[in-house]
Amino acid sequence: MKFISHMEQALSEARAAAVRGEVPVGAVVVGPDGQVLASAGNRTREDHDPTAHAEILAMRLACAVIGSERLVGCDLYVTLEPCPMCASAISQARIARLYYGAGDPKSGGVAQGPRVFAHRQSHHVPEIYDGLAAEESEALLKEFFANRR
């Protein structure tokens, strides 16, 4: 199957999150057939929910769409390196491939910080591809936080 990036849709979700006053992170779950199952942007403030990260919300929606707690064979696109909570959920969901944009030296859990997938307690490790639309993802975050200062 030909690779088709879904980062533009994730970036669109991130932009929409910023408009709502949320940290601009967006995520998209793509099924094994290449069809988008779900997409979401951060909603922690809007939902008053510390777990309402874009990745978690998109995976919840995708699980509801397919009627399973696992997303075997699915891909996840996210604009920012997942935090430890999201990385653990990605493992639990059995995501096949993780594509992310900007690295997160402060709160990342994949290539930074605790490196969740490197632990033997991680039941599943997805294929990981970083740096997709990293500059645009990083620019969204920098602009968002600059406007907050």
Side-chain angles (χ1 to χ4, degrees), residues 1-18 22-47 49-142 144-145:
M1 184 187 317
K2 181 182 171 188
F3 174 74
I4 298 172
S5 175
H6 293 272
M7 282 302 282
E8 187 52 48
Q9 186 172 353
L11 285 163
S12 178
E13 290 285 354
R15 289 184 202 100
E22 301 280 358
V23 175
V25 177
V28 177
V29 177
V30 178
D33 62 356
Q35 297 299 309
V36 172
L37 296 174
S39 65
N42 275 356
R43 285 199 327 249
T44 59
R45 291 179 178 192
E46 182 180 343
D47 290 358
D49 180 355
T51 70
H53 290 199
E55 303 95 306
I56 300 288
L57 296 173
M59 288 189 294
R60 283 179 187 159
L61 290 168
C63 285
V65 166
I66 66 170
S68 174
E69 77 282 5
R70 300 247 169 104
L71 296 168
V72 176
C74 294
D75 298 341
L76 176 65
Y77 291 80
V78 62
T79 58
L80 181 65
E81 176 184 349
C83 72
M85 173 185 69
C86 292
S88 182
I90 289 164
S91 177
Q92 296 298 319
R94 307 302 196 263
I95 290 287
R97 285 164 294 280
L98 168 64
Y99 300 91
Y100 70 87
D104 189 353
K106 181 181 174 200
S107 301
V110 176
Q112 316 283 332
R115 294 179 172 92
V116 170
F117 300 126
H119 289 265
R120 68 177 190 265
Q121 293 91 348
S122 184
H123 298 293
H124 170 78
V125 178
E127 293 176 32
I128 301 168
Y129 302 92
D130 63 349
L132 269 71
E135 290 178 12
E136 191 168 357
S137 298
E138 192 174 305
L140 277 171
L141 289 159
K142 285 182 178 179
F144 176 82
F145 287 113

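The residues of the chain are indexed from 1 along the displayed sequence. Because only heavy atoms are used, hydrogens play no part in the values below, and waters and symmetry mates are left out as well, while side chains stay in. Keep in mind the model is a prediction, meaning the values are calculated, not measured.
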Requested in this report: Give a yes or no on whether a salt bridge exists between Arg15 and Glu8, defined as a side-chain N under 4.0 angstrom from a carboxylate O.
Outcome: yes
Requested in this report: Would you confirm whether His124, through its side chain, and Ala93, through its main-chain N or O, come within 3.5 Å as a donor-acceptor pair?
Outcome: no
**Report entry** Worked verdict on Ile56 versus Cys86 for side-chain contact (heavy atoms from CB on, under 4.5 Å)
**Finding:** CA-CA 6 Å; Ile56 300 288; Cys86 292; 3.8 Å; yes
Report summary line: Distance col, row Ser88:OG vs His123:NE2, nearest 0.5 angstrom, shows 8.0 Å
Query - Heavy-atom closest contact (Pro84 atom, Ser107 atom, distance) - result: CD-O, 3.4 Å
Report task. With rounding to the nearest 0.5 Å, note down the distance linking CD in Glu136 to OG1 in Thr79. Result -> 10.0 Å
Requested in this report: Determine, stepwise, if the pair Cys74 / Met59 fulfils side-chain contact (heavy atoms from CB on, under 4.5 Å).
Outcome: CA-CA 10 Å; Cys74 294; Met59 288 189 294; over 6 Å; no
Requested in this report: Measure across Phe117 and Pro126 and return the closest heavy-atom pair with its distance rounded to 0.1 Å.
Outcome: CE2-CD, 3.6 Å
**Report entry** Taking every non-hydrogen atom, the tightest pair across Val78 and Val25
**Finding:** CG2-CG1, 3.9 Å
Query - Interatomic spacing from CG in Leu98 to CG in Asp75 - rounded to 0.5 Å - result: 9.5 Å
Query raised in the report: Which is it for Leu11 and Leu140 under the side-chain contact (heavy atoms from CB on, under 4.5 Å) test, yes or no, and what are the steps along the way?
Result: CA-CA 9 Å; Leu11 285 163; Leu140 277 171; 3.7 Å; yes
Requested in this report: Go through the steps to decide whether Asp49 and Thr44 satisfy the test side-chain contact (heavy atoms from CB on, under 4.5 Å), and finish with yes or no.
Outcome: CA-CA 5 Å; Asp49 180 355; Thr44 59; 5.9 Å; no
Query raised in the report: In terms of heavy-atom contacts, does CD of Glu135 have more than 12 from other residues, nucleotides or ligands at under 6.0 Å?
Result: no
Report summary line: Smallest heavy-atom separation, Ala134 atom then Gly101 atom, equals CB-O, 3.6 Å
Report task. Would you sort out whether Thr51 and Arg60 count as a side-chain hydrogen bond (donor to acceptor under 3.5 Å, both in side chains), showing the intermediate values? Result -> CA-CA 11 Å; Thr51 70; Arg60 283 179 187 159; 3.2 Å; yes
Query raised in the report: Which atom pair, heavy atoms only, marks the closest approach of Val36 to His6?
Result: CG2-ND1, 3.6 Å
Query raised in the report: About how many Å separate OH of Tyr77 and CE of Met7, when rounded to the nearest 0.5 Å?
Result: 9.0 Å
Query - Interatomic distance, Leu37 atom CG to Ile66 atom CD1 [nearest 0.5 angstrom] - result: 6.5 Å
**Report entry** Reported OG-to-NE2 distance for the pair Ser91 and His119, which is rounded to 0.5 angstrom
**Finding:** 11.5 Å
Query - Which atom of Glu55 lies closest to which atom of Leu80, heavy atoms considered - result: OE2-O, 4.2 Å
Query raised in the report: Hey, do the aromatic rings of Tyr99 and Phe3 have their centres closer than 6.0 Å?
Result: yes
